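Take a look at the structure below.
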Amino acid sequence: MSETYDFTAIETKWRQLWAERDTYRTPDPKPGEKTFYVLDMFPYPSGSGLHVGHPVGYLATDIVARYKRMAGFNVLHPMGWDSFGLPAEQHAIKTGEHPEVSTAKNIKTFRRQMELLGLGYDWSREIATSRPDYYKWTQFIFVQMYEAWFDKDQNKARPISELPIPEEVKAQGRLAVQEYQDARRLVYFDDALVNWCAELGTILSNEEVFDGKSEQGFDVVRVPIRQVKMRITAYAERLLAGLEALDWPEGIKDSQRNWIGRSEGVEIRFAIDGSNETVTTFTTRADTLAGVTFLALAPEHPLVERLVPASHRTDVDAYREAAARKSDLDRTVDAEKTGVSSGLYAINPVTSAKVEIFVADYVLPDYGTGAVMGVPAHDERDFAFAKKYGLPIVPVIDPGADVPVRDAVLKGEACWTEDGIMLDPPAGTKAGLYTAGQRWRDAREAVASFLEARNLGQRVISYNLRDWIFSRQRYWGEPIPIIHWEDGTRTSLDVSELPLTLPHVDDYKPTSYDAPALARAAGWVEVTDPETGMKGRRELNTMPQWAGSCWYPLRFMDPKNESALVDPSKEKAWGAVDLYVGGAEHATLHLLYARFWYLALHDLGVISTAEPFSKLVNQGMLTSFAYQNARGVILPVDEVEERGEGQFVHVPTGDPVERIGAKMSKSLRNVVTPDDVVAQYGSDAFRVCLMFMGPVEGGRVWETEKAAASLKFLRRVWNYAATGIASPADAESSAVTIATGKLVEAVTEDLENLRLNTAIAELMKFLNAVEGQPVTKESLLTFLRVLAPFAPHMAEELWERAGQTGSVFHADWPKADADMLRAAVETIEIVVQEGGKKRGSVHLAPQASDADVRAASMAMLEETGRDVSGLDVNRIIVVRDKKTGWVRLVNVPKAG
RNA sequence: GCGGGCGUGGCGGAACUGGUAGACGCACCGGACUUAAAAUCCGUUGGAGGGCAACCUCCGUGCCGGUUCGAGUCCGGCCGCCCGCACCA
């Protein structure tokens, strides 16, 4: 028996040696080399450090990276920090500590914890989005996009210098040209209603507002402000189409499709009675046009401002003001439909009916045209609105005889939004619009064509996706490299002027929504053109946290390059990320923005890759325990005691409570850190434990005591391997040789499919099979290499003790000799079924023919007393294994 | 409401593109070692029934039905749970 397994000593030793020997250094790819890029979603380095849930993904990618490297790939597996962000700024506002200082501290903690887990990152490639040598290139990309326009004809971005300027625009001077360009740039300035959160002192994107609150639960109100936007909508179609080729979870792809929200419809122009103006509405149900009984405009619709007559001004203004104060929460699904008459009337272009125009906040300003045609008979919302305000309800579609609510629908007492056929058009409808009896889908096309032919409307495609509001009123973000000159022109900074670094300020808090913290740095803000003496001001907004993460996979390829964001040859060699692992919460934000930037950079010839992530895996969430009392209140773990089997009591109150799974959080005091677990069981045991719990994608509940089983397993491994190394056998049984070969085969296949839990099960099975048997050094070395990705410290230690030079991670992954494994088998078990039910088995040589197998099966069945006399031998099914071609199973049809 | 995913022992989970359901582990129970406990090792464990015994029979993957020689896996219809998105006209 060898010495006992001292995981602390072994793990400490190898942590140091790996760092000293630079074991995980990734060289730049050489021509023709096989490369593999495996990436974790890099974390925001929060103040609380890692808990045991974070490493689920990190361990999975670490195992894959080690395996792929041994299997002959040049593997890029880096780590970095998404280190701009709100918490550091909040901390700075509270304490005055510069975000850079607190962020650096947090990064140190994260990195220490990652090293503790034995994660084999190439730290020479470490990046942080908040470091000037990184954000120089985030700013550079911003400038590239600002200096580009989207060419709809070519469906791609092009340099702004290639935008043809019409002569009449040129004639109007520089500002006119700028205006013309701005309307087409990928980055542009625009007034927008934004979500201002007074508590956070910042503006949030729509995606960051949940039910009218910030992520932290603070109130958010809408205010208009001049914003920097990115024209992501130009890419809607390509972002949608690109999903097809990606190996991503179906749910994530669907979220993106849903988010982009493509819908085909018709824009229809309604003339306003007594005016030359028209209202353009968007509808997907042009077939219901004859059933329009009112129009509704969003309160923010520009026509409201312009055209509402004095008689209705007061009411409308009051309503608009109320709507502006409403948060998204109040404008949500179940809210009552409200509105106010505008005093205006519109003319239905196909029936000439005069219908009232309302202002109603159920109409969203930034979807479609911000105006809808009200068809109460065939739209739930319009129906609710018409009911409330006593508006007429005119059905145009017959639900069909077998529909119970048909009569109600035809009488205008119910709403029908489903399939049906067209009724006779209402009196006054223009001839040829559609025919009664037509299916509604056909009528929809007929109406659209009718409108297009008479120039009353046109088919359009509308998207849910909005342009991306890119500016934030924050300090702790990338400064936007734009100067606004006093003559009204605007320029972006040249690459030679980048990075534009953050100035020091005495207070990180903005004073209001239009005076961000950067305004405090007067000396930084004011600039003078050295050539012309013209004065200008820098853009005061900073970029959102998403900016740095939109392109970070590129920087890892070439993190120290001072003259380019990435060397084109390196970018080409590594290409897209082959495996990207992270949480599903980034389905529509980070993953969509990153795809957008890649497409734009690809269009502009900066990179060769059009999609950042070829394959995506979402790791499941790791939860912990908490306790819930009868009223549903969740209680912290340290206030609960176990009294007997499964009985838990809340100590302060004495209430019985139930144990439930709950997210780890400070408030529930159920956070478990990897440090705790590693101290108790070692990091190899922690790795094995976390990975053995189930598939990477699945959720799981952490129980620290469960790590004991993994430690027990590793002790057995240690005893087996260390003993074998101390006194290797000259020869081993064929059973050991076969078991080793099978292990290699099975683990390799599992690793290729990211089935890490079953890979560990294979290691356990192997140990069960060979423990205590003599083993040759050759087999041991094979075993160690297969073990290495999972328990790197132990495998490395044993590898060294076996007298091997160099790291086990620089050794070749073993290959299973399939032919040897097959040849070693003399007989195989063949299951005999009768009508799908197992009746027994026969043992034959693997080469046995179908006839042999059939005969043996019949004999076996007869022996156990079954009547096989009337059996048609040809109806016996013989099932062969696809890989080996050997018979696995025989099914005999049930007699009688 | 729309979309996506999932229902397998006491528990976590296995089962390749239809082919021996419950791998592997936890827990439990029994045994060995020990003065004792821990640790370790060996064995049992889906349910019901039968046999002195090696074993045998029946039932079993949320429910109902279908396809098939054969269904956890495929199809149709329910029930339940989880996760996104949601006044998108």
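This is a predicted model, so every value here is computed, not measured.
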#### Entry: Closest to side chain of A:Lys706, choosing from B:C87, B:G4, B:C26
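Comparing B:C87, B:G4, B:C26 against the side chain of A:Lys706, the answer is B:C26.
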
### Message
Give me syn or anti for B:G9, where syn covers glycosidic angles within 90 degrees of 0.
### Response
syn

### Query
Can you tell me how far C1' of B:G13 sits from CG of A:Leu690, to the nearest Å?
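These atoms are roughly 15 Å apart.
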
### Task
Nearest whole angstrom, please: distance from the C1' of B:A23 to the CD of A:Glu762.
8 Å

### Query
Any chance the side chains of A:Glu829 and A:Ser841 put a donor and an acceptor closer than 3.5 Å?
yes

### Query
Is it the case that A:Arg839 and A:Asn891 place a side-chain donor and acceptor less than 3.5 Å from each other?
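The answer is no; no qualifying pair exists.
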
When you compare [N] with [M], how far apart are their [atom1] atoms, in angstrom units rounded to a whole number?
N	M	atom1	result
B:A48	B:U67	P	33 Å
B:G4	B:C75	P	14 Å
B:C52	B:C56	C1'	14 Å
B:A14	B:A21	C1'	10 Å

### Query
Want to settle it: does A:Asn891 or A:Phe692 sit nearer the 5' end of RNA chain B, counting the closest nucleotide to each?
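Whichever sits nearer the 5' end wins; that is A:Phe692.
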
### Query
Taking for each residue the nucleotide of RNA chain B bearing the nearest heavy atom, is the 5' side occupied by A:Gly698 or by A:Asn768?
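That would be A:Gly698.
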
### Message
Using side-chain heavy atoms (C-beta onward) and a distance below 4.5 Å, is A:Val879 in contact with A:Val890?
### Response
no

### Task
May I ask you to test the A:Met373-A:Phe294 pair for a side-chain heavy-atom distance under 4.5 Å?
no

### B:A89 phosphate, OP1 or OP2, under 4.0 Å from A:Ser263 side-chain N/O
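Answer yes for this pair, as a side-chain N or O of A:Ser263 is under 4.0 Å from OP1 or OP2.
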
